[in-house]
Amino acid sequence: MGGEILAPVITIDGPTASGKGTIAQRVAQALGWHALDSGALYRLTALCVLRVGGDGADEAQAAGLARALDVRFESGVIRMGSEDVTEIIREETVGNLASRVAAWPAVRVALLARQRDFRRAPGLVADGRDMGTVVFPDAPLKIFLDAEVEVRAHRRHKQLMGKGFSAKLTDLLTDLRARDARDRERVHAPLVAAHDAVTVDSSHIGVDETVAKVLDLWSARGLA
Ligand code: DC
């Protein structure tokens, strides 16, 4: 071994509905890099738990399902086996259970190598909660993307309505607060900005401006 040059990684961590996914995709597109939506792996695990009739209370079961995930990411489509699960994993029931199974250390360990496998040339943009702290601690650029909880609830509401799902703003706000608390307060790999992360608050700036900010920060690293 020795002398192996690892592809660069930009990590984008932050709370639910902060826009991480959109920003990560757009930054990856602009740079011609790969993208990892790590939350999708926790959502897929939750979907498997639901389908075997579990409730996320059995750590070993959830970890076994995480290890056995048969998933493929194909330009915007997520397949589990031959099934297109792109939309179903975005449902609130799946997201809420994902945040619970994600608290289990055995589940996190089961998904670790799978996430690191996404690191390929020319580079990777990875979004989640612990990309900069646990999965890619050596990433040369780490972003912590934050936004006020009310702004995030509005965005999620708009997104769900646009997809034809019904949702009440007040329920979404309650859910987001509960998920934030669970993600931030868990013992294993909690949602926290890495000590060397740059915090970007997207409450009052749009997607284009946020993407431009991340690309500027990357250029300023002088590694491109
Ligand atoms: O980013 P998201 O909303 O799709 O993530 C769903 C859940 O998965 C989230 O509530 C917490 C968990 N998650 C995590 O614990 N670690 C990650 N790197 C990504 C997501």
Side-chain angles (χ1 to χ4, degrees), residues 9-25 27-28 35-50 56 59 62-63 65-66 69 71 73 76 78 80 85-119 124-137 139 142-147 149 151-153 155-157 159-160 163 165 167 172-194 197 202:
V9 184
I10 297 176
T11 59
I12 305 185
D13 289 306
T16 297
S18 59
K20 306 178 301 293
T22 307
I23 304 302
Q25 291 290 342
V27 171
L36 164 63
D37 168 6
S38 64
L41 295 172
Y42 291 93
R43 287 172 181 269
L44 287 159
T45 303
L47 181 63
C48 291
V49 169
L50 284 171
E59 180 173 3
L65 291 167
L69 279 183
V71 55
F73 293 86
I78 303 175
M80 198 157 68
V85 292
T86 320
E87 294 298 328
I88 196 172
I89 62 162
R90 300 293 152 203
E91 288 185 7
E92 294 304 292
T93 39
V94 179
N96 283 326
L97 185 61
S99 143
R100 289 207 277 127
V101 301
W104 294 121
V107 171
R108 307 201 69 84
V109 168
L111 294 175
L112 193 56
R114 201 187 276 265
Q115 294 174 82
R116 289 184 174 152
D117 280 349
F118 278 80
R119 185 174 198 166
L124 174 70
V125 184
D127 83 86
R129 303 294 185 291
D130 62 341
M131 297 296 96
T133 49
V134 175
V135 182
F136 303 109
K142 301 178 185 179
I143 306 290
F144 191 78
L145 188 64
D146 215 344
V149 69
V151 173
R152 291 188 279 123
R155 285 182 187 160
R156 176 57 54 91
H157 187 248
Q159 196 182 42
L160 289 171
K163 287 183 180 168
F165 294 125
L172 286 174
L173 198 52
T174 309
D175 268 8
L176 281 188
R177 288 203 168 104
R179 266 154 82 173
D180 278 358
R182 204 154 44 217
D183 292 347
R184 287 180 205 272
E185 289 161 19
R186 70 184 177 213
V187 177
H188 302 279
L191 170 65
V192 60
S202 75

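Heads up: numbering here begins at 1 and tracks the sequence. The basis for the numbers below is simple: all heavy atoms, side chains too, and nothing from hydrogens, waters or symmetry mates. Counting starts at 1 for both ligands and their atoms, in listed order.
In this model, no donor atom of one side chain and acceptor atom of the other lie less than 3.5 Å apart for R155 and T22. Remark: the T16 side chain and the R177 side chain contain no N/O donor-acceptor pair separated by less than 3.5 Å.
The closest donor-acceptor contact from the side chain of R186 to the backbone of A103 lies at 3.5 Å or more, if one exists at all. Using modelled atom types, one side-chain atom of D13 and one backbone atom of M131 make a donor-acceptor pair closer than 3.5 Å. Under a 3.5 Å cut-off, the side chain of R184 and the backbone N or O of P190 do not form any donor-acceptor pair.
A salt bridge is defined here as a Lys NZ or Arg NE, NH1 or NH2 lying under 4.0 Å from an Asp or Glu carboxylate O, and D180 with R152 meets this definition.
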Check ligand 1 against the protein and report each N/O to N/O distance under 3.5 Å, formatted as atom name, atom name, distance.
from     : atom 1 : to   : atom 2 : distance (Å)
ligand 1 : 1 (O)  : R129 : NH1    : 2.9
ligand 1 : 1 (O)  : R129 : NH2    : 3.4
ligand 1 : 3 (O)  : R43  : NH2    : 3.0
ligand 1 : 3 (O)  : R129 : NH2    : 3.3
ligand 1 : 4 (O)  : R43  : NE     : 2.6
ligand 1 : 4 (O)  : R43  : NH2    : 3.4
ligand 1 : 10 (O) : D183 : OD2    : 3.2
ligand 1 : 15 (O) : R108 : NH1    : 2.8
ligand 1 : 15 (O) : R108 : NH2    : 3.4
ligand 1 : 15 (O) : R186 : NH1    : 2.9
ligand 1 : 15 (O) : R186 : NH2    : 2.9
ligand 1 : 16 (N) : R108 : NH2    : 3.0
ligand 1 : 18 (N) : S38  : OG     : 3.0
ligand 1 : 18 (N) : R129 : N      : 3.1
ligand 1 : 18 (N) : D130 : OD1    : 2.8

